[in-house]
Amino acid sequence: MDPRLRDIAISAQAWPFEEARKVLARVERRARTNAVKEVLFETGYGPSGLPHIGTFGEVARTTWVRHAFATMSDLPTRLVAFSDDMDGLRKIPGNIPNPDMLKEHLGKPLTSVPDPFGTHDSYGAHNNARLRAFLDRFGFEYEFLSSTECYRSGRFDQALLTVLRNYERVRDIVLPTLGTERRATYSPFLPIGADGRVLQVPVIAWDAKAGTITYQDSGKRNEVPVTGGRCKLQWKADWAMRWFALGVDYEMSGKDLISSVELSSQILRALGGEPPEGFNYELFLDENGERISKSRGNGLTIDQWLTYGSEESLSLFMFHKPRAAKKLYFDVIPKAVDDYLNLLETYQTKDDQAARMESPVWHIHSGHPPEEKYPVTFALLLNLVSASNAHNRDVLWGFIRSYAPGTDPDEHPGLDKLVSYALKYYEDFVKPQKHYRAPTERERAALTDLAAMLEKMAGEREAEKVQFEVYEIGKKYQFEPLRDWFKAIYEVLFGQTQGPRFGSFAVLFGCRETAALVRRALEGEFVTGAMV
């Protein structure tokens with residue numbers, strides 16, 4: 001631990017530091033009575049559906065808190081990615097192949113359900129592999145734990161026996177939250193039946209000394225041990241038991257689980273444990289404002305985002321305002337990409353370490369952001385593709401080299417990826433939505449002056465000089481507010497309502513070439529569909 005970084009972190013305002021200070025206070029409190037050997041961070045995953053982008057968000061955010069904590073303490077830390085794969089399959093997800101093959105396995109633990117994809121021993125194993133694959137893709141440092149393995153191997157046995165010894169206390173904590181019908185039969189323990197299903201049946205007796213429960217099923221009494229994977233816990237009790245068994249110090253969860261966190265915390269206290277620190281983040285919404293769901297498959301997937309935007313842009317989207325609901329759909333990607341580029345450039349200009357540690361890019365890159373420069377933005381590249389009718393990387397790189405001499409793909413791999421993203425995003429999302437319009441009489445006069453001005457500035461390499469002249473034309477023709485002038489430019493030239501700074505675009509595309517583009521628009525070429 002760097003003492004200088006620790007002093008900064010103790011008073012830093014970025015939210016990962018705020019969370020890390022909560023963990024530090026917890027550790028210091030525990031250290032008064034017992035030696036603290038490590039700090040355990042946990043994230044949970046329900047593999048009833050394929051991993052979705054929200055799962056990545058939880059692991060990323062927890063990783064940032066863990067890194068922030070490491071600037072404050074020398075204690076070793078671990079991050080556990082825990083899969084609740086012992087849960088019974090309650091319904092068949094709508095986004096999987098061969099759904100009919102799962103019908104006869106409803107109620108069985110996910111690790112006992114066949115894999116509809118045909119690649120793993122079970123549906124749970126398949127989804128666990130998918131989870132680990134995309135966590136590995138982002139280079140997260142974590143330890144994977146399977147609920148099934150923890151139950152069956154005996155890792156949870158002592159914690160399960162502790163729950164059994166506190167059976168009435170746990171039950172009485174949960175009962176007030178249940179409806180009348182469920183309250184009559186509730187037990188924290190769910191036996192695994194002879195057919196392998198997780199049973200929702202009345203528990204009529206329990207024996208803490210023997211370590212067993214007795215349940216009634218189809219008129220028969222059955223006694224089973226609660227250990228060795230013969231039973232599992234109802235999920236709120238299960239969550240508390242896991243915290244107890246593993247010694248979890250920090251776990252965040254979605255806002256929809258606030259009441260569950262409170263209930264599981266009460267259960268954990270009844271077992272003699274201390275609830276972990278954490279906070280409740282807001283949920284992601286799709287473009288219709290509906291909550292994204294791994295079973296429904298709405299919203300973006302990891303692969304879909306990374307087809308059109310960088311890993312860093314996705315991380316930044318997750319970093320910003322974790323307690324605010326955000327729509328997660330394709331339209332947010334370009335802004336996230338450019339927001340990241342802007343923050344990276346700003347970070348590189350800061351000499352003050354305290355200011356750097358407040359930047360999201362410091363957290364995203366674990367304190368070591370890259371030094372690569374980006375002479376053009378994603379928005380500029382999108383408009384360049386549109387204006388130049390470019391369909392390959394070589395054409396775009398020709399413009400970039402002219403704009404920023406000495407720039408090449410080998411020394412700017414991040415920018416090279418940006419070029420590929422721009423080409424793909426333009427074809428799939430921008431081009432189909434283009435809607436060109438003819439200029440009004442005032443706009444036609446202003447655009448005519450714009451073309452003449454650009455021709456006179458052929459060869460100009462300073463974007464601000466061009467931008468100034470564009471402003472002057474807007475003022476001359478009394479556009480009020482002035483942004484209506486720029487909106488007109490983009491609607492007439494690009495079929496879009498907005499875009500990057502026009503001066504920057506003109507310099508990148510070339511002032512003479514941009515003048516020709518304006519004249520083509522004035523001739524009605526784009527409105528009649530001649531431009532593809």
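These numbers were taken from a predicted model, which means no experiment stands behind them.
With 3.5 Å as the limit, one finds a donor-acceptor pair spanning the side chains of Asn280 and Ser253. Using modelled atom types, one finds a donor on one side chain and an acceptor on the other under 3.5 Å when comparing Glu19 with Tyr250. Using modelled atom types, one finds no donor on one side chain facing an acceptor on the other under 3.5 Å when comparing Trp243 with Ser265. For the residue pair Arg356 and Ser359, no side-chain donor N or O sits within less than 3.5 Å of a side-chain acceptor on the partner. Between the side chains of Tyr123 and Ser48, no donor N or O sits under 3.5 Å from an acceptor N or O. A donor and an acceptor atom, one from each side chain of Asp85 and Asn128, are located under 3.5 Å apart. Side-chain contact check for Thr77 and Arg66: at least one donor-acceptor pair (N or O, by modelled atom type) lies under 3.5 Å. Checking Asp115 against Thr119 by side-chain atom types alone, a donor-acceptor pair falls below 3.5 Å.
Just one of Tyr45, Tyr142, Phe138, Phe317 meets the ring pair (Phe, Tyr, Trp, His ring centres under 6.0 Å) condition when paired with Phe56; it is Phe138.
The distance from the CH2 atom of Trp206 to the CD atom of Glu223 is 13.5 Å, given to the nearest 0.5 Å.
Here the two rings, on Tyr421 and Tyr308, have centers that are 6.0 Å apart or farther. Here the two rings, on His320 and Trp15, have centers that are 6.0 Å apart or farther. Aromatic pair Phe319/Trp64: centroids less than 6.0 angstrom apart.
Listed for the Glu251 side chain is no donor-acceptor partner under 3.5 Å among the backbone atoms of Glu277.
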| query | Step by step, would you call Val65 with Phe41 a side-chain contact (heavy atoms from CB on, under 4.5 Å)? | reply | CA-CA 9 Å; Val65 176; Phe41 295 80; 4.0 Å; yes
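When every heavy atom of Pro116 is checked against every heavy atom of Pro97, the shortest pair comes out as CB-O, 3.2 Å.
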